[in-house]
Amino acid sequence: MEEGLSKSYEPKEVEKKWLAYWESNETFKAEPAKSGEPYAIVIPPPNVTGVLHIGHALNLTLQDVLCRFQRQQGKNVLWIPGTDHAGIATQNVVERQLKVEGKTRDDLGREKFIERVWEWREEKGGAILEQVRRLGASVDWSRERFTMDEGLTNAVREVFVRLYNDGLIYKGKYIINWCNRCHTALADDEVEHAPHKGNLWNIRYNLADSDESLVVATSRPETLFGDMAVAVHPDDERYTKFIGKKVKLPLTDREIPIIADSYVDMEFGTACLKVTPAHDMNDWELGKRHGLDVLQVINDQGLMNDECPKDYIGLTKEACRDKVVADLKEQGLLVGVEDLEHSVGECYRCKSVVEPHVSIQWFVSMKPLAEKARKAVPAETKIFPVQWEKTYYNWLDNIRDWCISRQIWWGHRIPAWECTECGELIVAVDTPTACTKCSCSKLVQESDVLDTWFSSALWPFSTLGWPEQTEELAKYYPTAVLVTGFDILFFWVARMMMLGLHVKEQVPFHHVYLHALVRDEHGKKMSKSTGNVIDPIEMIDKYGTDALRFTLTVFAAMGRDIKLSEKRIEGYRFFSNKIWNAARFALMNLPADLEYTEKVGPSTLADSWILCRLELLKKETKEALSQYRFNDMAQGLYKFIWNEFCDWYLELIKPVLYGEDSKKEQTQNILHRVLAETMILLHPIMPFITQEIWSALPSIAERDMAKLLYPTERLIKNNEKVCGDMQYFQEIVSAVRNIRTELGIEPARKLTAFIRVTNKEQEDILQENKHLLINLARLTEVSIGQNIEAIKASGSAVVQGSQVFVPLEGVINFDTELARLEKDRLKIEKEHTMLSKKLANAEFVTNAPKQVVEKEKEKVAELDEKLNKLGQLQTRLLEAMQENK
RNA sequence: AGGCGUGUAGCUCAGGGGGAGAGCGUUUGCUUGACUUGCAAAGGGUCGGGGGUUCAAAUCCCUCCACGCCUACCA
């Protein structure tokens, strides 16, 4: 660093260096035995198969901002990293690999296949963690977990057995969503609905004992063979006479009853509904209500089974549909066909059409668990932003039992065994050796595995060592906050709440922060197929991690999606560079042997002012983060650094730093303080650049920024006066700059200014900072006083009552200047009229709070004065024009 | 169909009962001893339409229009 910082910020080497530093020093290793209020976050475990996408980047950045900030607050922070085994997704990856070798999983057999998945996971799985690392996530790598590691597997078994013994897990025949391709059951929320174009066929069902008939409308004629009834609405007068009679099922000899149920929509189709309990969710419910049998006609491969007439057996459901339609037509039973656009369930993994399917599955009874989870919000767990509470309640209130078994191989195998001798079902944590009932050893384990979300639901306590009573568990559970996308509020968050409350009898986290989805710049969801993904690693390579992190943070406003484009990230790279150069400037002007001390106070208005602003920034940053207002935090820092520290403060102190004034040492001290503390405030969002700058600062005791505490708050004397004075000064500078550019005065031209101030205070401010005014407004000389004579041929302005004159004898364009003043005057006049009207309104004066009325009065007086003075300036200008003619 | 949400400058958005804001973009000017990834200045908005509450509405309420998401889905 001795040779100074490079001219522009080069993130690559800096990031590499500090990542290595933090890792080798184990900076982020949590120590449960140490003091400090616990603050724990568990990472939403990304899939082992995954690559980091921009949504992860947002998710991780926000968590990291919180963790780094909370360490600064003196909390004992633990952030646990890990990955999810992602049942179907991972199995698919390995199956695809096998396919290349011309094999299927059945060729290998279950055991070998699972070995193969583990091999894959050791080799290639978890590459995402390396990407998490590059994002700068301050996780405790020594505590990395995987949802299938030994400890978590124990936890899964333990919870399963407990729930079973509590009567909350049962095995049952049920209609579930079945994916023919993945060969597994899917939970309701693993099914995505998409609009499909189809047909609505009207089919005539003849009555068994008369010549009358009913016309039934269906979009799935192939399920006809499974029909167990025809339903009509009880109030539908067209059909009441048929209720209780029977119809002959077309293409078969079977007779089925006509039943009445108010589920039937009298407006839709023919208002006659064929009821197929085995192949439709609603029909299943309907069938249960009316005691209908369940007849499956499609098997789990999507083929027609032997319950169908023999011509149809073995056909695919699609081929069967065609044949049924053709045969009905031939028999004259097809009344009509209409186009129908309806939504059809698709597998969220492979997008194939989901088939409702009856089978034996394992379920968790949700009602008792949901009740507790509902009550805990918001009393014990608060959701941010609060509007998601409603969605959460709504889901819990309408919850259905959770189908947790999956017919795949990769996952936690259900800890249940059946005795082939006596049929006894044994559910146990440890693999049983003998039947508990008949003592034989012929036990066969349940072949299904658990839904991936089952293990995820235990994540907050299983990662802390449960069921062992670890000190981590004692210290960090319940965790502080869960940060995740709202899209998995049901999949994951609600289930963690339920299981946490049931198993640990405590909520898993005190806060839930649901962040937005990252979309592309047009608001579209990013997806590989659309080709609009922004790859975070590519962005890191191009612009640096800090720029990416800052962008994500500044856009993370509550309750709105983020529309992101590369241009924005590039824009915040400019911010990195600005910070870098500000620091570079500071370091060039701070002696390497500077003895920094807290005791040095401000010596100039600029010093006092920047300290005031810094105090405000500290307060606002803390306040923003306590409410998860990440964007406010980031924006506050941006404005302070760019618009206050760089644009004004650094410019204001240049003369002091370049000179040999007695104030120089004081100012250097203040500069050091402001820069150092600003870096600490920014560090949670931009850890790398701040750390690099920090380590270059003179007189620094602790090199590792991540170990620093938040700067203490200081009381600044007269802070309102200081800010007011500074604002006055800034407005004067701006007024002169404005005159120069608006009148098109060439930059080389030397200008002087005369300022007629209204009082001693204004005079003092300007006198004390006269040389700064000359510098910033690019003047050669300025005269300040309460009795300054007006100068006619000049550009002029009114600032808080002070009149500014910039003499422009010979170069002034009177018309331009006159127009400029007029524009200003009109604006003020408009405001003045509005305010006067308001004050003339008696109701306003009596009803509005006193302070408001007072404020308005003051304002109108100010405007009055300004109007007056602007008028004077115009008059003088007109006089000068006359004289010049 | 129900629920939630959004509509503010050309774009992306913040704000939210009493003076319309930011960033980017645009225009103009600038080798001002950190930064052209920069500096200075400017232009730009009946805060979606209508109605109501209020002394006062971009902000609260109602309604309409447009858009988005979620949940449930009609055979």
Side-chain angles (χ1 to χ4, degrees), chain A residues 4-5 7-9 188-189 193 200-201 216-220 223 231 263-265 267-276 280-283 340 342-343 345 385 387-388 390-391 394-395 398 486-487 489-490 517 519 521 523 525 543 547 554-555 557 559-565 567-568 570-589 629 631-632 635 638-639 642-643 646-647 650-651 654 658 733-734 737-742 744-748 775-778 831 834-835 838 841-849 851-853 855-856 859 863:
Chain A
L5 305 177
K7 200 171 173 184
S8 63
Y9 175 54
D188 287 342
D189 40 19
H193 292 269
L200 190 61
W201 283 275
V216 162
T218 180
S219 64
R220 300 196 57 200
T223 63
Y263 165 73
V264 179
D265 181 350
E267 308 293 317
F268 189 88
T270 58
C272 291
L273 169 70
K274 70 188 214 42
V275 183
T276 322
D280 184 281
M281 300 289 180
N282 293 302
D283 291 8
L340 175 73
H342 58 150
S343 88
Q387 55 261 39
W388 285 105
K390 274 187 199 163
T391 315
N394 207 292
W395 188 69
N398 297 300
F486 58 77
D487 49 328
L489 179 61
F490 307 139
L517 237 54
R519 300 170 175 280
E521 56 191 309
K525 224 171 178 169
Y543 307 113
V554 84
F555 282 115
R560 200 198 272 252
D561 285 347
I562 298 174
K563 289 181 197 166
L564 190 70
S565 72
K567 201 116 199 261
R568 288 168 193 285
E570 190 193 9
Y572 286 109
R573 193 229 344 212
F574 299 160
F575 179 50
S576 310
N577 199 57
K578 186 73 181 174
I579 298 164
W580 185 253
N581 276 291
R584 201 159 70 91
F585 169 78
L587 290 169
M588 289 190 315
N589 289 285
R629 304 190 58 95
N631 58 321
D632 283 354
Q635 206 139 129
Y638 184 95
K639 281 185 182 157
W642 204 310
N643 303 123
C646 291
D647 287 351
L650 292 184
E651 295 304 324
K654 273 177 183 174
Y658 296 153
V733 172
S734 298
R737 285 172 174 172
N738 186 278
I739 289 168
R740 187 190 276 274
T741 48
E742 292 224 317
I745 307 304
E746 65 263 48
N775 249 324
L776 295 181
R778 312 200 57 205
E831 227 175 300
M834 249 175 53
L835 277 180
K838 207 170 175 182
N841 183 349
E843 287 187 290
F844 168 70
V845 180
T846 45
N847 289 325
Q851 312 142 311
V852 175
V853 179
K855 216 175 128 194
E856 303 293 55
K859 230 185 290 172
L863 293 175

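Here the structure is a predicted model, which means the values were calculated and not measured. Chain identifiers are assigned alphabetically (A, B, ...) following the order of the sequence lines, protein sequences preceding nucleic acid strands; residue numbering begins at 1 within each chain.
- Annotation: B/A75 and B/A1 have their P atoms spaced 16 Å apart (nearest Å).
- Atom P of B/A56 sits at a distance of 23 Å from the matching atom of B/U63, rounded to the whole Å.
- When the C1' atom is used for both B/G19 and B/G23, the distance is 23 Å, rounded to whole Å.
- Using a 4.0 Å heavy-atom criterion, one finds that A/K859 contacts the bases of the nucleic acid, with or without backbone contacts as well.
- Shown here is A/Q851, whose CD atom has no more than 12 heavy atoms of other residues, nucleotides or ligands within 6.0 Å.
- Taking the side chain as every heavy atom from C-beta outward, A/L273 and A/Y263 approach each other to under 4.5 Å.
- The C1' atoms of B/A41 and B/U46 are separated by 28 Å, rounded to the nearest whole Å.
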Seminar exercise, completed: A correct dot-bracket answer for RNA chain B, with pairs being Watson-Crick or G-U at under 3.5 Å, [ ] for crossing pairs and | for inter-strand pairs, is (((((((..((((....[..)))).(((((.......))))).....(((((..]....))))))))))))....
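- Here the separation of B/U54 from B/G43, taken at their C1' atoms, is 36 Å to the nearest Å.
- The gap from the C1' atom of B/G44 to that of B/U6 amounts to 24 Å, rounded to the nearest Å.
- Taking atom C1' on both nucleotides, B/C61 is separated from B/C24 by 36 Å, rounded to a whole Å.
- Counting non-hydrogen atoms under 4.0 angstrom, A/S219 reaches the backbone sugars and phosphates but no base.
- Residue contacts shown for A/L650 include a base, since a base heavy atom lies under 4.0 Å away.
- Distance A/W388 CH2 to B/U71 C1': 11 Å, rounded to the nearest Å.
- Within the 3.5 Å criterion, the main-chain N or O of A/K390 finds no donor-acceptor partner in the side chain of A/N394.
- Considering only the side chain of A/Q635, B/A22 comes nearest among B/A22, B/G18, B/C69.
- Rounded to an integer number of Å, the gap from CZ of A/F555 to P of B/A14 is 10 Å.
- Looking at heavy atoms from C-beta onward, A/L835 lies in side-chain contact with A/L863 at the 4.5 angstrom threshold.
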For nucleotides 36-45 of chain B, list the nitrogen or oxygen atoms of the protein found under 3.5 Å from its nitrogen or oxygen atoms, one pair per line.
from  : atom 1 : to     : atom 2 : distance (Å)
B/U37 : O2'    : A/N577 : ND2    : 3.2
B/U37 : O2     : A/N577 : ND2    : 3.4
B/G38 : O3'    : A/K578 : NZ     : 3.1
B/C39 : OP1    : A/K578 : NZ     : 2.7
B/C39 : OP1    : A/W642 : NE1    : 2.8
B/A41 : O3'    : A/N738 : ND2    : 3.0
B/A41 : O2'    : A/T741 : OG1    : 3.1
B/A42 : OP1    : A/N738 : ND2    : 2.8
B/G43 : OP1    : A/K823 : NZ     : 3.1

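- In this structure, A/Y543 OH and A/R568 CZ are separated by 13.0 Å, a value rounded to the nearest 0.5 Å.
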For this session: Walk me through it: do A/E570 and A/K567 pass the test salt bridge (Lys or Arg N to Asp or Glu O under 4.0 Å)?
Result: CA-CA 5 Å; A/E570 190 193 9; A/K567 201 116 199 261; 5.7 Å; no
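- The A/L273 side chain lies nearest to B/A75 when the options are B/G23, B/C35, B/A75.
- Regarding A/K563, its NZ atom lies at a distance of 10 Å from the P atom of B/G7, rounded to whole Å.
- Heavy-atom distances to RNA chain B give each of A/R568 and A/I745 a nearest nucleotide, and the one nearer the 5′ end belongs to A/R568.
- The side-chain heavy atoms of A/K274 and A/T223, taken from C-beta on, include a pair separated by under 4.5 Å.
- Between A/F844 and A/V852 there is a side-chain heavy-atom pair separated by less than 4.5 Å.
- Between A/Y572 and A/Y638, the ring centre distance stays below 6.0 Å.
- As judged by a 4.0 angstrom heavy-atom cut-off over every strand, A/A583 is placed among residues making no nucleic acid contact.
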Atom pairs, protein N/O to nucleotides 54-57 of chain B N/O, distance under 3.5 Å:
from  : atom 1 : to     : atom 2 : distance (Å)
B/C55 : O4'    : A/N847 : ND2    : 3.4
B/C55 : O2'    : A/N841 : ND2    : 3.1

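- A/E831 comes within 4.0 angstrom of the backbone, heavy atoms only, and of no base.
- Judged by distance alone, with hydrogens and angles left aside, the side-chain atoms of A/N847 form a donor-acceptor pair with the main-chain N or O of A/E843 at under 3.5 Å.
- Ring geometry for A/F575 versus A/W642: interplanar angle under 30°, hence parallel rather than tilted (30 to 60°).
- The side chain of A/Y658 places an N or O atom within less than 4.0 Å of a non-bridging phosphate oxygen (OP1 or OP2) of B/A34.
- Counting non-hydrogen atoms under 4.0 angstrom, A/E746 reaches nothing in the nucleic acid.
- Atom P of nucleotide B/G15 and atom CG of A/D632 are separated by 7 Å, given to the nearest angstrom.
- Listed for the A/R737 side chain is no donor-acceptor partner under 3.5 Å among the backbone atoms of A/R778.
- One C1' atom belongs to B/C70, the other to B/C35, and the distance between them is 47 Å to the nearest Å.
- When each of B/A22, B/A34, B/G25 is scored by its nearest atom to the side-chain atoms of A/K639, the top-ranked nucleotide is B/A22.
- Nearest approach of A/V275 to A/A231, heavy atoms of both residues: CG2-CB, 3.8 Å.
- Rounded to an integer number of Å, the gap from A/N643 CG to B/G23 C1' is 10 Å.
- We find that CD1 of A/I562 is positioned 10 Å from P of B/A14, with the value rounded to whole Å.
- Using a 4.0 Å heavy-atom distance criterion, A/M588 is classed as a sugar-phosphate-only contact.
- In this pair, A/W388 and A/F486 present their aromatic rings parallel. The plane angle is below 30°, not in the 30 to 60° band.
- A/R778 has its CZ atom 7 Å from the C1' atom of B/C30, to the nearest Å.
- Across the protein-nucleic acid pair, A/K855 atom NZ and B/G18 atom P stand 9 Å apart, rounded to whole Å.
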